[in-house]
A.B. asks: 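Shown below is the structure under consideration.
Small disclaimer: the values here were computed from a predicted structure and weren't measured.
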2 protein chains.
Amino acid sequence: MEYTVVVRMNEKLFLRDPEGSELGRRIVRQGIQLMAEIGFEEMTFRKLADRIGTKESSIYRYFENKHRLLVYLVAWYWQWLEYQVLFQTNNLTDSREKLERILKLLLLKDLSQLHISTAVDDMDIPALHSIVIQEASKAYLTHHVTEDNREQLFKPYKDLCSRIAGIILEYRPGYPYARSRASSLIETAHYQAFFMQHLPALTDFGVEPPGRIESKDPLLTFLRHLLFSSLDTARF
Amino acid sequence: MEYTVVVRMNEKLFLRDPEGSELGRRIVRQGIQLMAEIGFEEMTFRKLADRIGTKESSIYRYFENKHRLLVYLVAWYWQWLEYQVLFQTNNLTDSREKLERILKLLLLKDLSQLHISTAVDDMDIPALHSIVIQEASKAYLTHHVTEDNREQLFKPYKDLCSRIAGIILEYRPGYPYARSRASSLIETAHYQAFFMQHLPALTDFGVEPPGRIESKDPLLTFLRHLLFSSLDTARF
DNA sequence: TCTTAACTGATAGTAAAACTATCATTCTTG
DNA sequence: CAAGAATGATAGTTTTACTATCAGTTAAGA
């Protein structure tokens, strides 16, 4: 039996719920494709409208502006990811194994082995993942972070962070930097992936050819090393 | 005797060398102030021109566009920082102490003790630092990274990274992730500082009141812990 | 089924941003 | 003092980022 993951989004993230209509759903789905293809700054509501055969003004009925669409997509991804973390670690007793699962989820590794579909709810997860890598930090690196934060726009990110921090504390009770460790883990996973692809001189890994021998992902190895060396280190 | 740090910039970073004229220097100096005040996306060449009493078109003679100005400012900062790292670690024999200095430099800590002026060459270093924290990743998180990289726009960042990686290897010969460790150290320092200020739920530190008891910077402690736990960990 | 509300499409518009072009003026510098 | 470089001033173009209006279509309720 299959369950549908219902990702219930904060109302502040949109003007009209895009999941409530066919057009809304297409705005989100095609928005993902377009943003993944041409990037956030090159994307415009006009281009998106043309692509889905509607008008700019119709898109504005759903999202206040392009930035809010980005925030929505990223928030959706964080909620999806938190659900996956919850689900994948639920049945485990070994908290080290939980952290291992989290590492793989962050890199979107071994999805088939983890029984994760790449198209939940028709959302293209790998495309979203690449948007998160390239654009997610633009969601909060603005001069209006504080107001956006007040509207709870970043709650999904914080929730994911809290959940990971909780597992960190389970693995290593009393660790004094659980939250920072969680947020830096997430961020490091993403921009190291970006550097690996686009600025390899900033990393020690080459781009991975697709379909390579699994379990030999150098970025995963690096993240594992970073995480566990910090958690396994002497008393606090 | 005082030496002037000559930061020689890559020619690809500008159309006309801004350090070669009074107007150019004002564009850069006031550009720093304006961008620090209102942020990258809110800044326009018109606003900058108004501020310094010139015209948009004059600014375009120096920089192709706003993004290039950002890349220029960030590159300047990386070059300045690399010079500081070089200078501050030069006389030291203990490589652990070198890494300690680097941590402080990344957080722009204890400048006076390190004999660093906050206004090198009339550049407002703390303002630049806050730009780097908030905006630097926008310099490379674009769909034209590859072309920009080909033009060597990110060389100063890579050079800084290499220098830190070199010191890491000095401290821990054979460490297999020197570059990634260096780049993740730099990035972590910056966005943890951002989170601390604007999204404190993602960290374990509060905002630091200015003029607090020195040597009790929790972010510095966290970074130190992360760095040395990874470097001091078992064989590779 | 009729009515009304909700939604979308279509058109049209504005304000500002992001440039480009031109030319006169001023300021150097040989 | 003549030539060249830099700047100021003005005026444009194109694109983005929106807003407004209204007609038509669809859906839902009485």
A.B. asks: Give me the ring orientation class for B:Phe222 and B:Phe205: parallel if the planes are under 30° apart, tilted from 30 to 60°, perpendicular past 60°.
C.D. replies: tilted
A.B. asks: What's the CZ-C1' distance between A:Arg25 and C:dC7, to the nearest Å?
C.D. replies: 14 Å
A.B. asks: Taking atom C1' of D:dA6 as reference, at what distance in whole Å does atom OH of B:Tyr60 sit?
C.D. replies: 19 Å
A.B. asks: Tell me the interatomic distance from A:Arg46, atom CZ, to D:dT15, atom P, rounded to whole angstroms.
C.D. replies: 10 Å
A.B. asks: Which of the following nucleotides, D:dA9, C:dA18, C:dT8, is nearest to the side chain of A:Leu23?
C.D. replies: C:dT8
A.B. asks: Tell me whether A:Lys66 forms a cation-pi arrangement with A:Phe45, defined as NZ or CZ under 6.0 Å from the six-membered ring centre and within 45 degrees of its axis.
C.D. replies: no
A.B. asks: Hydrogens and angles aside, do A:Ser137 and A:Tyr191 bring a side-chain donor and acceptor to less than 3.5 Å of each other?
C.D. replies: no
A.B. asks: Knowing that exactly one of B:Ile102, B:Leu107, B:Leu106 qualifies, which makes a side chain to side chain contact (heavy atoms under 4.5 Å, CB included) with B:Leu223?
C.D. replies: B:Leu107
A.B. asks: Measure the distance from CZ on A:Phe63 to P on C:dT8 and round it to the nearest whole Å.
C.D. replies: 12 Å
A.B. asks: In this structure, how many angstroms lie between the P atom of C:dT20 and the CG atom of B:Asn65, rounded?
C.D. replies: 9 Å
A.B. asks: Classify the nucleic acid contact of A:Tyr62 as base, sugar-phosphate or nothing, counting any heavy atom under 4.0 Å across all strands shown.
C.D. replies: sugar-phosphate
A.B. asks: Mind calculating the distance between CG (A:Leu48) and P (D:dC18) to the nearest angstrom?
C.D. replies: 14 Å
A.B. asks: Distance check needed: D:dT16 P versus B:Glu42 CD, whole Å only.
C.D. replies: 18 Å
A.B. asks: Which residue is it: A:Ser162, A:Cys161, A:Ser184? I am looking for the one with a side chain to side chain contact (heavy atoms under 4.5 Å, CB included) to A:Arg179.
C.D. replies: A:Ser162
A.B. asks: Counting side-chain heavy atoms from C-beta on, which of D:dC18, D:dT10, C:dA18 comes nearest to B:Lys66?
C.D. replies: C:dA18
A.B. asks: B:Arg61 near the nucleic acid: base, sugar-phosphate alone, or nothing, with a heavy-atom cut-off under 4.0 Å?
C.D. replies: base
A.B. asks: Does the side chain of B:Ser21 get closer than 4.0 angstrom to OP1 or OP2 of D:dA6 through an N or O atom?
C.D. replies: no
A.B. asks: How is B:Thr54 classified with respect to the nucleic acid when contacts are heavy atoms under 4.0 Å: base, sugar-phosphate, or nothing?
C.D. replies: sugar-phosphate
A.B. asks: What integer distance in Å separates B:Glu41:CD from D:dA17:P?
C.D. replies: 12 Å
A.B. asks: So if I take every side-chain heavy atom of B:Lys47 and compare against C:dC7, C:dA17, D:dA6, which nucleotide ends up nearest?
C.D. replies: C:dA17
